[in-house]
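Bear in mind that the values here come from a model prediction, so they are computed numbers and not experimental data. Naming: A, B, ... by sequence-line order, numbering from 1 per chain.
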2 protein chains.
Amino acid sequence: MGPSPIEADPAVEAERRLRAAGLARTPQRRAVLTELLGRTDHPTAEQIYEAVSRRLPGISRATVYRVLDAFTERGLLNRIQHADSVGRFDGRVDRHHHLLCERCGGLSDLEASALPELPIPAGADLGGFRIADYRITLHGVCPDCSGDAHDPPSNPTP
Amino acid sequence: MGPSPIEADPAVEAERRLRAAGLARTPQRRAVLTELLGRTDHPTAEQIYEAVSRRLPGISRATVYRVLDAFTERGLLNRIQHADSVGRFDGRVDRHHHLLCERCGGLSDLEASALPELPIPAGADLGGFRIADYRITLHGVCPDCSGDAHDPPSNPTP
DNA sequence: ATACCTGCAAAAACTTTGCAATTCG
DNA sequence: CGAATTGCAAAGTTTTTGCAGGTAT
């Protein structure tokens, strides 16, 4: 089937990114990157470890951390932050924005096309700071939390 | 002459915020909030602890963590994230933006007035998500890193 | 072949918690 | 006074590191 409009098969895309970055293509790296590209939430290192462990029993947490770190440095993925103080990862490296729920702390993606473009030319200079790109985070209340008075749902998507 | 009604003396502003939030005003809380409001960087809990310890020897790390947590919940300050995975705090709660250096990971403030307003009415609705505010992060290269010859795809020296 | 990776286990870094004493309102 | 806050110390999380052996290019 032709599922995703943009990113093809996560495994194929993972391979492509590893190759493009000139990084060693080991089973562990393939598995970690494929896992991340196959989901749209923003998993923690631990969640990635758990998921990858099912396909690659014996992979170690240390490897997951090291690999995520290497990928982040090379720009294969992004490290982001939810309401808590745990590192989270996002396989999307294209321009897109985020919706942050002030009630439950959940963070979800928002296509760049949903917002008007900022009139900031790439390469613009702001006080000596050369601008390459930008990201916007919209703060508000998500649909799940809209109904409830105060109690956050016990099943958010952080 | 309108005396900039925004942040005056950090201690005064701290007092005002504590009172407005209806939080107990203890020496520890005054010290932590005053310290944070008196600096423009985004210190970690540990850095705040160190600084406050000089004025209030004996304050415990646990108190600093608890107090920062309480303040964040009540909106007296914001929790943010640098390149690393350590919780950081920002005394500014008004709309302002950030400049993120892709080389060194440094994050600095940018006045909201430096960017055009996004035409997003507060209260707008985006797929069931009620929007209250937004923040923009500009990615690029800071002045300090501009000189370095690290990985200059195109570094014309202006 | 050899430089880079991985697993393991221990350590470090960061944050939270239980409780008794103290302080704020 | 009664309720909330603090310190201390211990426990819980999350992330990093040193090595020996294994693997990719």
Side-chain angles (χ1 to χ4, degrees), chain A residues 14-36 42-74 76-77 79-89 105 158, chain B residues 14-15 17-36 42-74 76-77 79-89 105:
Chain A
E15 191 69 24
R16 191 189 70 69
R17 292 195 193 183
L18 285 173
R19 189 178 302 266
L23 289 170
R25 278 160 280 130
T26 68
Q28 292 86 346
R29 289 173 174 216
R30 276 187 247 261
V32 165
L33 191 49
T34 299
E35 171 64 26
L36 184 61
H42 307 124
T44 65
E46 174 69 22
Q47 291 173 321
I48 293 172
Y49 165 75
E50 280 169 22
V52 170
S53 286
R54 287 195 286 275
R55 293 201 154 274
L56 219 64
I59 189 177
S60 90
R61 243 174 283 255
T63 294
V64 172
Y65 276 98
R66 276 186 294 228
V67 157
L68 287 172
D69 210 46
F71 290 172
T72 302
E73 261 178 43
R74 302 303 190 104
L76 275 66
L77 50 81
R79 185 179 218 145
I80 59 175
Q81 165 85 356
H82 274 50
D84 52 32
S85 53
V86 189
R88 287 171 185 271
F89 299 88
Chain B
E15 192 70 25
R17 291 195 195 183
L18 286 172
R19 190 179 301 266
L23 289 170
R25 278 159 280 131
T26 68
Q28 292 85 348
R29 287 172 176 216
R30 277 187 248 260
V32 166
L33 191 49
T34 298
E35 171 63 26
L36 183 61
H42 308 125
T44 65
E46 175 69 21
Q47 291 173 319
I48 293 172
Y49 166 75
E50 280 168 22
V52 170
S53 286
R54 287 196 286 275
R55 294 200 152 275
L56 220 65
I59 189 176
S60 90
R61 242 173 282 256
T63 295
V64 172
Y65 276 99
R66 275 187 294 228
V67 157
L68 287 172
D69 209 48
F71 291 172
T72 302
E73 262 178 42
R74 301 303 191 104
L76 276 67
L77 51 82
R79 184 178 220 148
I80 60 175
Q81 165 86 355
H82 273 49
D84 52 29
S85 54
V86 190
R88 287 171 185 270
F89 301 88

(message) Among residues 62-73 of chain A, which ones have heavy-atom contacts with DNA chain D below 4.0 Å?
(response)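 By residue number: A:Ala62, A:Tyr65, A:Arg66.
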
(message) Using a 4.0 Å cut-off on heavy atoms, which residues in residues 46-60 of chain B reach DNA chain D? List them by number, or say none.
(response)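 Under 4.0 Å from DNA chain D: B:Gly58, B:Ile59, B:Ser60.
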
(message) If the cut-off is 4.0 Å, is A:Gln28 near the phosphate of D:dT23, judged by side-chain N/O to OP1 or OP2?
(response)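 Checking D:dT23 against A:Gln28, no side-chain N or O comes under 4.0 Å of OP1 or OP2.
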
Mind checking the [atom1]-[atom2] spacing from [X] to [Y]? Nearest 0.5 Å is all I need.
{"X": "A:Arg16", "Y": "A:Leu33", "atom1": "CZ", "atom2": "CG", "value": "10.0 Å"}
{"X": "B:Thr63", "Y": "B:Leu68", "atom1": "OG1", "atom2": "CG", "value": "10.5 Å"}
{"X": "A:Arg54", "Y": "A:Ile59", "atom1": "CZ", "atom2": "CD1", "value": "12.5 Å"}
{"X": "A:Arg55", "Y": "A:Arg30", "atom1": "CZ", "atom2": "CZ", "value": "14.0 Å"}
{"X": "A:Glu15", "Y": "A:Arg29", "atom1": "CD", "atom2": "CZ", "value": "12.5 Å"}
{"X": "B:Phe89", "Y": "B:Ile48", "atom1": "CZ", "atom2": "CD1", "value": "6.0 Å"}

Might you point out which heavy atoms bring [X] and [Y] nearest each other, and give the distance in Å?
{"X": "B:Pro43", "Y": "B:Leu36", "value": "CG-CD1, 3.6 Å"}
{"X": "A:Ala31", "Y": "A:Leu56", "value": "CB-CD2, 4.0 Å"}
{"X": "A:Ser60", "Y": "A:Tyr49", "value": "C-CE1, 3.9 Å"}

(request) Name the closest nucleotide to the B:Arg29 side chain, picking from C:dC14, D:dT14, D:dT6. (result)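 Out of C:dC14, D:dT14, D:dT6, the nucleotide with an atom closest to B:Arg29's side chain is D:dT6.
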
(request) Check the distance between D:dA11's P and B:Arg61's CZ and give it to me in whole angstrom. (result)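 That distance rounds to 18 Å.
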
Provide a list of protein-nucleic acid N or O atom pairs under 3.5 angstrom, restricted to nucleotides 21-25 of chain C.
| unit_1 | atom_1 | unit_2 | atom_2 | d |
| --- | --- | --- | --- | --- |
| C:dG25 | OP1 | B:Arg25 | N | 3.1 |

(message) Using modelled atom types and a 3.5 Å cut-off, is there a donor and acceptor pairing between side-chain atoms of A:Gln47 and backbone atoms of A:Thr44?
(response)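 Judged by distance alone, yes, a pair lies under 3.5 Å.
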
